[in-house]
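I have placed the structure first, in the form of structure tokens, so that the comments after it can refer back to it.
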Amino acid sequence: MPVHNAEIAAMFDQAAELLEIKGDNPFRTRAYRRAARVLESLPKSVAAMLRAGEDLAELPGIGEDLASKIATIVETGKFDLLESLKRELPGDLGEIAAIPGLGPKRVKLLIEKLGVRSIEDVRRAAKRGRLGELPGFGPKLQQNILAALAKPVAAKRFKLPFAEAEAGALIDWLSRGLDGGRVVAAGSFRRRRDTVGDLDILATTTRAAAVGDRLVEYEDVAKALAHGPTRTTVILRSGIQVDLRVVKEESCGAALMYFTGSKAHNIALRNLAVDRGWKLNEYGLFDEDSAIAGETEEGIYKKLGLQFVPPELREDRGEIALAQKNALPHLVQLSDIRGDLHVHSNWSDGNATIAEMTQAAKARGYAYMALTDHSRRVTIAHGLDRARLLRQIDEIDRLNAKLRGFTVLKGIEVDILADGSLDLPDEVLSRLDIVVAAVHYKFDLSRDEQTERIIRAMDNRHVSILAHPTGRLIEERAPYDIDMDRVMTAAKERGCCLELNAEPDRLDLTDVAAKAAKELGVQIAISTDAHSTAGLAYMRYGVDQARRGWLEPGDVINTRPLRYLKKLIRR
DNA sequence: GCCGTTTTCGGCCCGACTGTTTTCAGTCG
């Protein structure tokens, strides 16, 4: 039973939480948390790295001790430290600590003084008013705890289109109340993560209090959680939390940097400042008491001896070392994209004609578009059988004959059957310009079976691109279990490309997987999977994700002119 | 527990807000 990086990361997070409650050295708990984040963003599984004889202690934040603990976990599946911590501190302590207002110190008090072990214990103690016996538990805190227990909010993350709509409306509202100054979104929203947990909004103005007041007055506010002179936190009716921070113009860059994060990136930058005897905070970069930068992010990076780091790269995944050497990747941009390689029409489950999709793609400035309707197995989508596909090929030939400066590539999104064979015979596939292969059923195969199935599909030399490689639907359906290391290696060996599906419900590959593909030299297609003309606009989400995966134009096949593209998709 | 053009020991990012106190700890980001 292979142990995934994410599982080890979760063990480290749990251990950190329990060590915190115990009151252990806070820097030790931080080390476990940092290591967990490093593990989560590794391009390869540690199991594979160990097999290859790599030294895990060379990873940032992982020393001899953690390297050996990881090796033991991979070997045995067990983490002794965590096991003994759990024996020492049994119960659902993680859930208790997740209640707003309850941190490690207060949880420790609850355990020691009231013998609390579960959320139910907390509820009983709160109802009997026993929490008031504890130091630091005033009436207000008890009330907040009861309220939180009455309406448990699931830790939810929000998809980008929803976050964009909420942020847009809110920024508009705040801006209209501002005389001078500006309002922007920062946080993971600005870093273009695939989902956001909350909205971090930054306003620059001299009248700080007025902006916070205006946020509290916003009609969609369900509850104000905190409201100070420079910082205000509210929950909107939709359930998303908004953190507003207001600073003066001269601190704008520093505040934007601080509020954009990531936390790990910020800490690394602040350490660089400390190395030089300076201090970096949300107000600026300071030598003693005098500000030496702060109005712009560019100015701060420059003073720290760094190239400007695009927000998408700010995850402490190696970008700082490269920025010191002026060697950051030249990230792909939306304007580099010359075509879309996964598009549906009303021949299957799209809602527009081939001509309409073509016009819309052309209007976006593209040079080509691959029409890739579903194959016959996807009956619910009215998938194409051999005869209909041949008719479609004829229709596209006729359409192409009339087009100037634009080419519709004849393609299919062919289903990968359970045994890894394809849903249409080679004789038909060979007549197409491009074949995109995808899994749409039998998600529950074992890891080995699913991996073999997909690799077998890529064995077919007509397959140019593996579509949405993990099948995940964000917040709805987990990725099916595959060995991504093996799939990518197999793709590389066969000259098959992987898709980065730009649909904001999918964004599949993830940023981390895209970076791993790049490092292996696997070419990526950023494709929208559009089922309507409007769907073509999802390209920007795919490009954002690709940038988070460090992809450059040369890593992305649909930045190529048609001539070169054709070489890349023919095997 | 990690890490090192000061260091293998002694540091470890920085500040806002709340609630409970009366000068600050705890929590959060």
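Just so it is clear, the values below take in all heavy atoms, side chains as well, and ignore hydrogens, waters and symmetry mates.
Distance noted for atom C1' between dT7(B) and dC14(B): 24 Å (whole Å). Look at the P atom in both dG1(B) and dT5(B): the space between them is 23 Å, to the nearest Å. Here, dT20(B) and dG15(B) have their P atoms 26 Å apart, quoted to the whole Å. Nucleotides dG29(B) and dT22(B) place their P atoms 27 Å apart, quoted to the nearest Å. Between the C1' atoms of dA16(B) and dC3(B), the separation comes to 30 Å (whole Å). dT6(B) and dG11(B): their C1' atoms are spaced 12 Å apart (whole Å).
Ring geometry for Phe158(A) against Phe162(A) counts as parallel: the plane angle stays under 30°, on a 0 to 90° scale with 60° as the upper cut.
Atoms CZ (Phe259(A)) and P (dC13(B)) sit 20 Å apart, rounded to a whole Å. Rounded to whole angstrom, the span from the CG atom of Leu244(A) across to the P atom of dC17(B) amounts to 11 Å. Protein atom CG of Leu19(A) is 8 Å distant from nucleotide atom P of dG1(B), rounded to whole Å.
Judged by distance alone, the side chain of Asp200(A) and the main-chain N or O of Ala186(A) form no donor-acceptor pair under 3.5 Å.
For the pair Arg314(A) and Phe308(A), the cation-pi test (distance below 6.0 Å, angle within 45°) is passed.
Note on Tyr258(A): every side-chain N or O is 4.0 Å or more away from OP1 and OP2 of dA16(B). Dashed line: the shortest gap from a side-chain N or O of Lys263(A) to OP1 or OP2 of dC14(B) is not under 4.0 Å. Side-chain N/O atoms of Arg28(A) include one lying less than 4.0 angstrom from OP1 or OP2 on dG1(B). Within the 4.0 Å cut-off from OP1 or OP2 of dG26(B), not a single side-chain nitrogen or oxygen of Lys108(A) is found.
Checking each of Leu114(A), Val107(A), Ile145(A) against Val122(A) for a side chain to side chain contact (heavy atoms under 4.5 Å, CB included) leaves exactly one that passes, namely Ile145(A).
Positionally, the nearest nucleotide of DNA chain B for Asp275(A) lies more toward the 5' end than for the other of Asp275(A) and Gly138(A). Mapping Gly103(A) and Thr230(A) onto DNA chain B by nearest heavy atom places Thr230(A) at the nucleotide closer to the 5' end.
Using the Watson-Crick or G-U wobble rule with both distances under 3.5 Å, dT8(B) pairs with nothing in any strand shown.
Remark: the Asp200(A) side chain and the dG29(B) base include no donor-acceptor N/O pair separated by less than 3.5 Å.
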Discussion item. Walk me through whether Lys78(A) and Glu83(A) qualify under salt bridge (charged side-chain N to carboxylate O under 4.0 Å, His left out).
Written reply: CA-CA 8 Å; Lys78(A) 286 218 168 67; Glu83(A) 302 290 322; over 6 Å; no
